[in-house]
J.: 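One structure, as structure tokens, below. Some questions next.
Values below: all heavy atoms of this structure, side chains included; hydrogens, waters and symmetry mates excluded. Just so it is clear: chains get the letters A, B, ... in the order the sequence lines come, proteins before strands, and each one is counted from 1.
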Amino acid sequence: MSEELNTKKTQVLSEDGVVKIMVCAGTGCQSSGSLEVFDRLQEEIDDLDENIKVGLLSDNGNEDINEVEVEISGCHGFCDEGPLVRVDPMGILYTNVVVDDVESIVEDTLKRGKLAEDLCYRSADGTLYAKEEEIPFYKGQRRLVLGNLGEIDPESIESYKETGGYNALEKALTDMTPKEVWGEVLNAGLRGRGGAGFPTGKKWQFTYEEDADQKYVIANCDEGDPGAFMDRSLTEGDPHRVIEGITIAGYAIEATKGFIYVRAEYPLAVKRVNKAIDDAYENGYLGEDIFGSGFDFDLEVKRGAGAFVCGEETALISSIEGRAGRPQPRPPYPAQSGLYGQPTTINNVETLGNVPMIIRNGSDWYSSIGSENSPGTKTFAITGDVANTGLIEVPMGITMREIIYDVAGGMDSDRDFKAVQIGGPSGGCLPEKHLDIPLGFDSLQEVGAMVGSGGLVVMDENSCMVNVAKFFLNFIQDESCGKCTPCRDGTKRMLEILERLTEGEAKPNDIDRLEELSHYVKESSLCGLGQTAPNPVLSTLRYFRDEYEAHLEGRCPAGVCFDHE
Amino acid sequence: MPNPTATELVEIEINGEKFAGEQGSTILEIARENGIEIPKLCHMDQLEPTGACRMCLVELVDSGKLVTSCTHPAEDGMKVETDNERIHRSRKLNLELLLSNNTEVVDCDSDETRCEFSKLLKQYDVEVESYAGEKRNHENIEDNPFFKLDHDKCILCGRCVRACEEIRGRSAIDFVGRGFDTKIAPPLDRSLTEGTCQFCGQCVDACPTGALTSKMRIEKGDPTQVEKTSTVCTYCGVGCRMNVYTKDGEVVDVAPDPEAPANDIRICSKGRFGFDFVNRDDRLKQPLIKEKDEFREASWDEALDLVSEKLSEIKENHGSNAIAGLSSATCTNEENYLFQKFMRATVGTNGVDHCARLCHASTVAGLVRAFGSGAMTNSIGEIKDADTILITGSNTTESHPVIGLEVKKAVENGADLIVVDPREIDIAKEDATMYLRQNSGSDVAWIMGMIRVILEEGLWDEKFVEARTENFEEMREAAEEFTPDRVEELTGIDKKKLRKAARLYANADRGSILFAMGITQHSHGTDNVLAIANLAMVTGNVGKESTGVNPLRGQNNVQGACDLGALPNVYSGYQNVDLEENQKKFEDLWDVDLDPNPGLTVVEMIREAEKGNVNGMYIMGENPMVSDPDLGHVEKGLENLDFLVVQDIFMTETAEYADVILPAASFLETSGTFTNTERRVQHFDRALEPKGNSRPDWEIISQVSTRMGYPMKYGSADEITDEIADVTPIYTGITAERVANKQGLQWPCVTGDCTGTKYLHKGQFSRGLGKFHALHYREPAELPDGDYPFTLTTGRMYYHFHTRSMTGRSQGLDELVPEAYMEINPADAEALEVDSGDLVRVSSRRGEIEIKAKISDRVPSETVFIPFHFAEAAANRLTNSVLDPIAKIPELKVSAVNLEKVG
């Protein structure tokens, strides 16, 4: 592989002669020191005097090439292997880069055009991969929404524009009526990526059809599922895509004011979006008379206050209004009476991230991707007992088996697969027999799970499913807003039963009671949080009932529960 | 052809039967309209539905979904089941879960709100232990004098939180915490006394479990074993109808009566928690006779004989006019009628007055002259629909809390609110569109100035003026002198602001003026009121719904006391004593000779007593030793009397001066009617037996009268009510029988079958044409100078009433605000080197007091405010008794004082 690279040296340089070194500044890589790597790289490059730079690149026979740029990028998703450094135009991906590796990148790759092999990814079988796109983790993916991540500088509007950014907005505003815009999105079949999968075009249509002086559009970036960071990565890594998407949405529903609601724990996302909004205003993509179309649109960031339930639409609205984030019964739906009582559309940021490309490429193009009822792609944060954890984007219709074994590289040990938990605390656990179901909103619902916002936890045979259910319920009970009885008190009693089961103190009718409570909480809770809260319990009861029964007898088949075992 | 009503109606099927309801109704509403009961816990009609408790879940037949009927709109063609096995199971489970947190359940089944949960538990046959587990363990909230929140009984329905926010706008409590650990508490877990709580008890009244209960009730034992009587609050002119709960002869709790006409389900802190004074041991329980400066107990016979003997003696020796009587704005209509009848028929004098002289005498004088009737033109319920409200001289949210809430409602509905007051009171800060601060006592100037702007800018209602009024040109001429520049000079109000306010009010479709003592208690109080009448008439803002001039009466029955003739110049119903036909009429009715000359007013009685021209006084339920101006002179006057009889429920500051004290029953121990500030006559029943040997005032008056040779033989208060209807034209239809309901009747009610009058002067004024008055500016009688450089203004505060004879004896109210204070501007405080809590000596030409400072930017620099309630630092030691020449009201609102830091 390294041989090959060296022989292709001249080809891998871009036409304008710029070598770009992109250091991943996603939260994962940052936390393992990528910004220090970035600083060191910057210093090293600055230290190279101009002649050397020219000389270095002239070695490759290309006189015009004389520039090296170091930039940050958004999250590549290959978080297990971070900090990541990508060298373009060669497409080289260096993994696990620390400050001390910078010298090798400069000396070997830049000066000598040699691959720093120690920094390349090697798969379990020892194969070395130099280029990012060749790494198996990326091979099974279809990165559309996350396409720019790792490749552009999230803090540069120019960088986004180079990818065709804001063309879709211009097209929508200057060539299309609002009705045509929501019609296009409706035809594309885009469904909400926040979890429920409601058709986005329809949501827009409802809001469009309401008659009101003021309407609002809100981007929901209050991602709260444990372990999920899709929305975060997108917003941190490609904020302009979200801005372009929400502005198009605003135009489609005739809203002149938008909010991006970002959870409190995402300071970097807030910073990047704020910068991006400023730049968009400066470039005329926000504010008055955008693209001379007469359409005015203002956008601002609202920060959450750390409550999971604020991802729920009505609670989110209350939170923006400055009230406690507690859900309201629906109807009225936000499309009828939302923020400040006005018609409001709320879309997940990933949903909005799909919008520019639908407008740019058309609904036919979009609906050809993915599956019939669930077109497009879906991002997931995959974690658990698999070889490659991280952020992925796959076409709908892919099977769970392909995700686990191809994209994620299979199990990380020789233990057998047991279950995959999909959809976070609202989702369900699927056993091996359902791994071949094609990914889709409806197909997963049929087997007791849901696409959800995109959490994916793969578990091997050492996992106790009762314990897993307890974990999720514990989370829900902590995050229940406390407003309605079933969610506040019902989940508490469910949790107590699960605690008894995992501590070997269960009462004989506990499983029946758990089941009864689960159904009750599901059908009588006020909001989506409570209505889906029992899913982890119900799906594990459905597929792993024997484990529950074993706990009733004081046995934990996985050997997780009961301290003494 | 489409049915024109079809678009407004929806038809839904409930349990297989079809029902129609209004578009926009919820499922719950349509079900209830048709007698189908759906259980609920978090829902209350007066609150926005919230769908939290999930008890009212019903099944949508087509989708199989369970939805909360309290929030779900009824859609045409919808099929609903309100009860089936699944729903029943769900509700039962819900109750089981709620119960699983509670360590204690109030077991009761009365129709009180607090029994709702208990009754549902029984209805659904819920066992306690079904889902037993961890119980919430929060510290109860009881660090306030009034009520306790017992978390062990709380089901977190949130009604208290929403009642506080939606009905009161306070948000003093909220949900705190998340998930299972959620609790109801003040934000940030602070003490209620530190936050926005006003202790109105709205939360307590909303609680369906009894988790929130008044402490008084808890202290009296089993809080469920109580008796309920509907009565009317005596703490201000709103006339809140309330239920009083009693047990073993004592008041144990109070709550608003849900059928109340004036106050809906609201009441204030004083009404809710301030009636424990009735139970107190220091109530007067036996007649007292003073011997050698000491009081000794006496029998009723002895005391009544002595009173009749002494009064007869004075009458004989000095003439009837040597006796003066003070009636009471706290007593019933019947008692006031009887008292003035006693003074006129038995004693033979018109020397009867009461504290209306000190509050709204100028209103009655002014509005009678301008409109022909001296009462609120509109009803309380109309305020919320006004589109512009001008409040001046009324600290509405503190003195008339429920009316304050109506004003807030109007503002929420989009009304503009203009507040003109020397003090930047809460409603000015919280709700006003415009706040104008005038110099104390400069009201004629700014009001006439507004009129001048309105005339100059052509904003006046020419048609109204033409058709409905007289004397306009004279008034217009007088207004000329009030140029904006001059007004700014006199009042301190920026001329641009004055113009803006004038336009705002003039452009109102439904402009309503609310005023109180800030307008009336001046040596030119009548002029102030006439100015207000001018302003309303020039803009046509009178005689329509939600549009008019509304004096807010201070005491619970000050309207009634005036209506029933406890005034020196009129018989009941404002029939002038100096009109021969009236004199004849009453001479015939009462079968005595009557004096055609008006008698003495409050302040005049005291002055004449000091001079020796009044030798005997009968004071019923009044406390001039705190409430009247220039107390030094009141003291001398009372001391100078040959004989003073005081009839009261407590040993008041005035009673100390009495020769005989007659113990009266409190309002809870009598029955009768009160007339509230919106002219609504409301009947109430006796809730308790009179304390000790006390007797209802009307019985005592009858007994004295009979002993003095003019027999009064009434078998009940109702008989007096009927006599009032007979002799009082505006009360003609208000007989005991017709008023014996919770809605009462609003006078004028001039026929036997009338339904009352919601607002006055529709079509024409009571006097025919409304009369404009040409007014000129007069300064307050005493302005600050080098010796007395500060302006003192006096008034009320939220937690106390009048002379504190009641609120000062209410444990909780007294605990919350136990002592007097003086509001002083931060700049003045700094100059005097005074901190909040420091003692300040306040002196005027008439006396001095020492009082604690309370630094506040509510008052402007060089003005201080002292609430007049506190005898131990009585503002009225300082006030000026100079009178308005027409209404004889003293200038309680402006006097000059000096301040010195003590020590």
J.: If you round to the nearest 0.5 Å, how far is OG1 of T182(B) from CZ of R488(A)?
T.: 6.5 Å
J.: Does NZ in K65(B) sit with more than 12 non-hydrogen atoms of other residues, nucleotides or ligands closer than 6.0 Å?
T.: no
J.: Checking R493(A) side chain against E134(B) main chain: does a donor-acceptor pair fall under 3.5 Å?
T.: yes
J.: Please say whether more than 12 non-hydrogen atoms of neighbouring residues, nucleotides or ligands are located less than 6.0 Å from CD in E139(B).
T.: no
J.: In terms of heavy-atom contacts, does NZ of K202(A) have more than 12 from other residues, nucleotides or ligands at under 6.0 Å?
T.: no
J.: For the atom pair OH (Y131(B)) and CG (L517(A)), what is the distance rounded to the nearest 0.5 Å?
T.: 4.0 Å
J.: So for L66(B), is it side chain, backbone, both, or neither that comes closer than 4.5 Å to the heavy atoms of chain A?
T.: both
J.: Where on K492(A) is there a heavy atom nearer than 4.5 Å to chain B: the side chain, the backbone, both, or neither?
T.: side chain
J.: Check each atom of E59(B) against the heavy atoms of chain A and say whether the ones under 4.5 Å are side chain, backbone, both or neither.
T.: neither
J.: Output all residues satisfying disulfide (SG to SG under 2.5 Å) with C115(B), sequence neighbours left out; order by chain, then residue number.
T.: C108(B)
J.: Taking side chain as C-beta onward, heavy atoms only, is F175(B) less than 4.5 Å from K483(A)?
T.: no
J.: Which region of L41(B), side chain (C-beta onward) or backbone (N, CA, C, O), has a non-hydrogen atom less than 4.5 Å from a non-hydrogen atom of chain A, or is it both or neither?
T.: neither
J.: Can you establish whether the number of heavy atoms outside N137(B) located under 6.0 Å from its atom CG is more than 12?
T.: no
J.: At a 4.5 Å cut-off on heavy atoms, which part of E523(A) comes close to chain B: side chain, backbone, both, or neither?
T.: both
J.: Find the one option among P486(A), C487(A), P332(A), P329(A) whose heavy-atom pairs under 4.5 Å with chain B are most numerous.
T.: P329(A)
J.: Counting only heavy atoms not in E22(B), do more than 12 sit closer than 6.0 Å to its CD atom?
T.: no
J.: Report, one line per pair, each donor and acceptor closer than 3.5 Å where one atom sits in a side chain of residues 527-541 of chain A; sequence neighbours left out.
T.:
from	atom 1	to	atom 2	distance (Å)
Q531(A)	NE2	S525(A)	O	3.0
Q531(A)	NE2	L526(A)	O	3.4
T532(A)	OG1	S426(A)	OG	3.1
T532(A)	OG1	G528(A)	O	2.7
T532(A)	OG1	L529(A)	O	3.4
N535(A)	OD1	K522(A)	NZ	2.9
N535(A)	ND2	S426(A)	O	2.6
S539(A)	OG	C429(A)	N	2.8
S539(A)	OG	N535(A)	O	3.0
S539(A)	OG	P536(A)	O	3.4
T540(A)	OG1	P536(A)	O	2.6
T540(A)	OG1	V537(A)	O	2.9
T540(A)	OG1	Y548(A)	OH	2.8

J.: To check you understand the geometry: which heavy-atom pair defines the closest contact between L97(B) and G490(A), and what is its length?
T.: CD1-CA, 3.7 Å
J.: As an exercise, state the distance from CD of E48(B) to CD of Q328(A), rounded to the nearest 0.5 Å.
T.: 9.5 Å
J.: Can you list the residues of residues 78-94 of chain B that sit under 4.5 Å from chain A, counting heavy atoms only?
T.: R86(B), R89(B), S90(B), L93(B), N94(B)
J.: In this structure, are over 12 heavy atoms from other groups packed under 6.0 Å from R542(A) atom CZ?
T.: yes
J.: I need the residue from P73(B), A52(B), G177(B) with the largest number of non-hydrogen atom pairs under 4.5 Å to chain A.
T.: A52(B)
J.: Going by residue number, which parts of residues 304-323 of chain A are within reach of chain B, meaning a heavy-atom gap below 4.5 Å?
T.: G306(A), A307(A), R323(A)
J.: Taking all non-hydrogen atoms of both residues, which atom of R54(B) and which atom of T485(A) are closest, and how far apart?
T.: CG-N, 4.4 Å
